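Just so it is clear, the model here is predicted, and its values are computed rather than measured.
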Amino acid sequence: MIFYTKIPTSLSPYFQRELQMYREEYQSGRLQIAWSHLEWAHIIGQRYPFSHSIVHWEMLLFGFRIKNPKEIIGQIPRLLVGGVKSFVGKVPVGNPGGANVLPLKSFEIAQDIQDIFSKAGVK
């Protein structure tokens, strides 16, 4: 069994960029675009416990900010369990992480994100 811990140094800038873009878009009031950056950050960082948990924390805060009870309630178990599942390598690949999707459902990874993984040398 593979235990994942920290996001690889080569992948971290892409993850951080998505979080930064989320914050900028949120501050500009472009909530839909902001959310899509959180989803990308989730896909990029979901295999790594700390990164995975950070995104679910941001998604929970987003739910509070936009007063969306479904997102708030949906993020609490994801926040509590997501990092543990990442640690043992049992994440649903490509899952965007929002409460609008099943937490254990895998999705096809967009080509743009696959390109990020390739550039970072991550499979």
**Student:** Should the pair His52 and His42 be assigned to parallel (<30°), tilted (30 to 60°) or perpendicular (>60°) ring geometry?
**Tutor:**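 Aromatic pair His52/His42 classed perpendicular.
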
**Student:** With distance as the sole test, does Gln114 use its side chain to make a donor-acceptor pair with the main-chain N or O of Ile109 at under 3.5 Å?
**Tutor:**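 Pair found, side chain donor or acceptor close to backbone of Ile109.
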
**Student:** Run the side chain to side chain contact (heavy atoms under 4.5 Å, CB included) check on Phe62 and Gln75 step by step: do they pass?
**Tutor:** CA-CA 10 Å; Phe62 185 88; Gln75 286 305 322; over 6 Å; no

**Student:** Please list, one pair per line, the donor and acceptor atoms closer than 3.5 Å that link side chains of residues 8-21 to other protein atoms, with sequence neighbours excluded.
**Tutor:**
from	atom 1	to	atom 2	distance (Å)
Ser10	OG	Ala120	O	2.6
Glu18	OE1	His37	ND1	2.6
Gln20	NE2	Glu24	OE2	3.1

**Student:** Using the side chain to side chain contact (heavy atoms under 4.5 Å, CB included) rule, take Tyr22 and Glu58 through it: C-alpha gap first, then chi angles, then the decisive distance, then the call.
**Tutor:** CA-CA 10 Å; Tyr22 156 70; Glu58 292 291 344; 3.6 Å; yes

**Student:** Keeping to residues at least two apart or across chains, list the side chain to side chain donor-acceptor pair (under 3.5 Å) pairs with something in residues 100-112.
**Tutor:**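 Sorted result for residues 100-112: Gln111-Asp115.
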
**Student:** Can you find a pair of side-chain heavy atoms, one from Pro49 and one from Phe87, that are under 4.5 Å apart?
**Tutor:**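 Side-chain contact under 4.5 Å: yes.
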
**Student:** Can you give me the closest heavy-atom contact between Gly74 and Ala99, atom names plus distance?
**Tutor:**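 Looks like CA-CB, 3.8 Å.
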
**Student:** Transitive ILVMFWY cluster of Val84 at side-chain heavy atoms under 4.5 Å: who else is in it?
**Tutor:**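 Grouped by the 4.5 Å side-chain rule, Val84 forms a cluster of one, so the answer is none.
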
**Student:** Can you tell me how far apart CZ (Arg30) and OG (Ser36) are? Round to the nearest 0.5 Å.
**Tutor:**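 If I round to the nearest 0.5 Å, the distance is 11.0 Å.
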
**Student:** Let me know which of Val91, Val93, Ile7 forms a side chain to side chain contact (heavy atoms under 4.5 Å, CB included) with Arg47.
**Tutor:**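 So the option named by the test is Val91.
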
**Student:** Write down the atom of Pro103, the atom of Arg78, and the distance for their closest heavy-atom approach.
**Tutor:**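 Heavy atoms only, the tightest pair is CD-NH2, 3.5 Å.
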
**Student:** Flag yes if Tyr26 and Ile33 sit in one hydrophobic cluster, no otherwise; membership is Ile, Leu, Val, Met, Phe, Trp, Tyr, and two members link when side-chain heavy atoms are under 4.5 Å apart.
**Tutor:**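 No, Tyr26 and Ile33 fall in different hydrophobic clusters.
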
**Student:** Distance from Ile113 atom CD1 to Trp40 atom CH2, nearest 0.5 Å?
**Tutor:**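 Output value for this atom pair is 5.0 Å.
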
**Student:** Side-chain heavy atoms nearer than 4.5 Å, only ILVMFWY residues, links allowed to pass through others: does that put Val122 and Ile54 together?
**Tutor:**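 Yes, Val122 and Ile54 fall within the same hydrophobic cluster.
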
**Student:** Is there a side-chain contact between Ile43 and Phe107, using heavy atoms and a 4.5 Å cut-off?
**Tutor:**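 Ile43 vs Phe107: side chains apart.
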
**Student:** From Gln46 CD over to Ile44 CD1, what is the distance, rounded to the nearest 0.5 angstrom?
**Tutor:**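 If I round to the nearest 0.5 Å, the distance is 10.0 Å.
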
**Student:** Where do Ser53 and Gly83 come nearest, in terms of heavy atoms and distance?
**Tutor:**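 Closest approach of Ser53 to Gly83, heavy atoms only: OG-CA, 3.7 Å.
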
**Student:** When clusters are formed by joining ILVMFWY residues with side-chain heavy atoms under 4.5 Å apart, either directly or through shared neighbours, do Met59 and Ile66 land in the same one?
**Tutor:**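 Hydrophobic grouping puts Met59 with Ile66.
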
**Student:** Find the distance between NZ (Lys90) and NZ (Lys85) and round it off to the nearest 0.5 Å.
**Tutor:**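 The distance works out to 8.0 Å.
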
**Student:** Look at the side-chain heavy atoms of Ile, Leu, Val, Met, Phe, Trp and Tyr, link any pair under 4.5 Å apart, and say whether Val101 and Ile73 land in one connected group.
**Tutor:**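 Unlinked, Val101 and Ile73 end up in two clusters.
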
**Student:** May I ask whether Ile76 and Trp35 are part of the same hydrophobic cluster, defined by side-chain heavy atoms of I, L, V, M, F, W, Y residues being less than 4.5 angstrom apart, directly or through others?
**Tutor:**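 Cluster IDs for Ile76 and Trp35 differ.
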
**Student:** With rounding to the nearest 0.5 angstrom, report the CD1 to CZ distance, Ile72 to Phe64.
**Tutor:**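 Answer rounded to 0.5 Å: 4.5 Å.
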
**Student:** If you round to the nearest 0.5 Å, how far is CD of Glu25 from CG of Leu38?
**Tutor:**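 Separation between the atoms: 11.5 Å.
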
